[in-house]
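Quantities reported herein were computed from a predicted structural model and do not represent experimental measurements.
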Amino acid sequence: MNKQLAVLFCIVVLALGTGGWLLQQPTTEGLEGELLFVDLSQKANKIDRIQIENSSGTLLNAYLSEGNWIAKVGYTDLTYPADQAKLASLVSVLLQAKLVEAKTKNKSKYFRLGVQGVEIEDSMARLVTINAGDDSWQILVGNKFSVGDGTYVRFPKQTQSWRLDKTIDLPLEPFGWLTHPILPISAQDILGISRTDNNQWKIDKNQENYELSDLPDNKELKYESILNGFVANLASLDYEELVEAESSFVDSLEVEARFEVFTQESGVFNLILSQAKDIHYVHLESTDNHDLWQKGYYQISSYSAQQLNKSIEDFVSDLPLENEEVNIEVVEEEIPK
């Protein structure tokens, strides 16, 4: 997990695959205008908290802890690793964004731009707060500009609203700010999987492919890559929500399947598939220093649950019979005279 949670803020460039957060003087190319936060770039390497609120409460409360970015989950006290790429993308936009067009000062028209204060019940705005020690910066993020790049914004204590030259993309759901998928491993790291409930089977890695142990003599795999596909589905298993493991919730769950997963880098762990009220969940148990896994239950889609809940019959089919005689009845057609 720590490989994915390197320190978010570096002085020159934070490499993120598709781009980086450049802590340098923002470019002056493009539309003329004043920077949204004139002094943020001077303190960017000291940013230690990012918070996003809407009219319902706190969507994101991410903070730097011992070199890792951690977020409180939704409206609970549950913590989970934050998606550093999304945090870096947000800060990068805020560093470079410019105020390019003054909009309305009329409070009655704020709703058209989506920049009403979050204290208003039906406000569509999100209040972004960046902290660097004792310093902080705040902006109300409203609707996206309808033509081209741009976002409507307003400083919380000012009546003037603005259009930025940059589009600020904010995930709508709190769980969109957390790391995805569930497992910090790839399919190549999985050495084997055993289903340990009443529908037992075992998959082992053999070089680049996987084999089903104790394959009956009269059976064969339905197709060559079927086991590789199952392993890939498990490794990339994603979630929709993260639910706190309260006793009343845990007691309501019905276990559907249990798996023991053997890996190169993350040791051995158990993955348990459960359901309650037609909603499916997985949780993980491990003795190998994966405390974050064991704090909550991951809500997954019905499709993902179906891809996990496989019996041996889902992997195999009957072998064709050797030397099977095929009786063909020949019908002689009478030729008209």
Side-chain angles (χ1 to χ4, degrees), residues 4 8 16-19 21 36 47 49-63 69-97 103 110-131 137-156 161-182 236-244 279-282 296-304:
Q4 297 182 349
L8 181 60
L16 291 172
T18 57
W21 175 3
L36 173 65
I47 293 175
R49 185 177 292 271
I50 300 173
Q51 186 168 310
I52 300 176
E53 304 165 77
N54 65 5
S55 59
S56 298
T58 302
L59 290 173
L60 172 70
N61 186 2
Y63 55 91
W69 277 89
I70 304 297
K72 287 190 175 181
V73 178
Y75 308 115
T76 73
D77 290 328
L78 188 64
T79 58
Y80 199 77
D83 187 327
Q84 68 173 38
K86 289 181 180 177
L87 295 180
S89 177
L90 170 61
V91 174
S92 177
V93 171
L94 296 178
L95 279 169
Q96 300 178 63
K103 306 303 291 185
Y110 284 165
F111 75 94
R112 296 181 181 179
L113 306 181
V115 294
Q116 292 175 299
V118 294
E119 70 279 359
I120 297 175
E121 184 178 354
D122 58 350
S123 172
M124 299 300 293
R126 280 158 288 177
L127 176 62
V128 177
T129 303
I130 307 292
N131 292 97
W137 297 260
Q138 285 191 313
I139 194 68
L140 284 163
V141 178
N143 301 336
K144 296 178 182 179
F145 190 51
S146 58
V147 180
D149 292 333
T151 306
Y152 298 112
V153 298
R154 183 172 65 86
F155 295 103
S161 59
W162 296 88
R163 179 172 72 87
L164 297 181
D165 65 335
K166 303 288 185 183
T167 298
I168 301 177
D169 288 312
L170 302 176
L172 296 176
E173 297 297 329
F175 306 97
W177 291 100
L178 307 182
T179 54
H180 292 256
I182 296 172
S236 61
L237 182 64
D238 207 352
Y239 63 99
E240 299 171 344
E241 294 188 17
L242 188 58
V243 181
E244 203 164 5
I279 300 176
H280 301 273
Y281 304 89
V282 298
Y297 283 68
Y298 301 88
Q299 180 180 324
I300 64 173
S301 67
S302 296
Y303 176 78
S304 295

Exercise. Apply the test side chain to side chain contact (heavy atoms under 4.5 Å, CB included) to residues Leu60 and Leu170: give CA-CA distance (whole Å), side-chain angles for both, the deciding distance (0.1 Å), then the verdict.
Key: CA-CA 10 Å; Leu60 172 70; Leu170 302 176; over 6 Å; no
Quiz item: Can you list the steps and then say if Asp169 with Lys144 is a salt bridge (Lys or Arg N to Asp or Glu O under 4.0 Å)?
Solution: CA-CA 9 Å; Asp169 288 312; Lys144 296 178 182 179; 2.6 Å; yes
Practice problem: I would like to know whether Asp238 and Ser304 meet side chain to side chain contact (heavy atoms under 4.5 Å, CB included); could you show each step before the answer? | Solution: CA-CA 8 Å; Asp238 207 352; Ser304 295; over 6 Å; no
Practice problem: Report the C-alpha separation of Thr129 and Gln138 in whole Å, then their side-chain angles, then the decisive distance to 0.1 Å, and conclude whether the side-chain hydrogen bond (donor to acceptor under 3.5 Å, both in side chains) test is met. | Solution: CA-CA 5 Å; Thr129 303; Gln138 285 191 313; 2.9 Å; yes
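Panel note: side chain Ser123, backbone Gln116; a donor-acceptor pair is recorded below 3.5 Å. Side-chain atoms of His180 come within 3.5 Å of backbone atoms of Phe175 as a donor-acceptor pair (strictly under, hydrogens ignored). Side chain of Thr151 to backbone of Lys166: a donor-acceptor contact under 3.5 angstrom is found. Remark: side-chain polar atoms of Asn143 are paired, donor with acceptor, to backbone N or O of Arg112 under 3.5 angstrom. Under a 3.5 Å cut-off, the side chain of Arg163 and the backbone N or O of Phe145 do not form any donor-acceptor pair.
To the nearest 0.5 Å, the span separating CZ on Phe111 from CG on Asp122 amounts to 10.0 Å. Note: Ile139 CD1 to Arg154 CZ = 9.0 Å, rounded to the nearest 0.5 Å.
Checked against the 6.0 Å centroid threshold, Tyr298 and Tyr239 count as a close aromatic pair.
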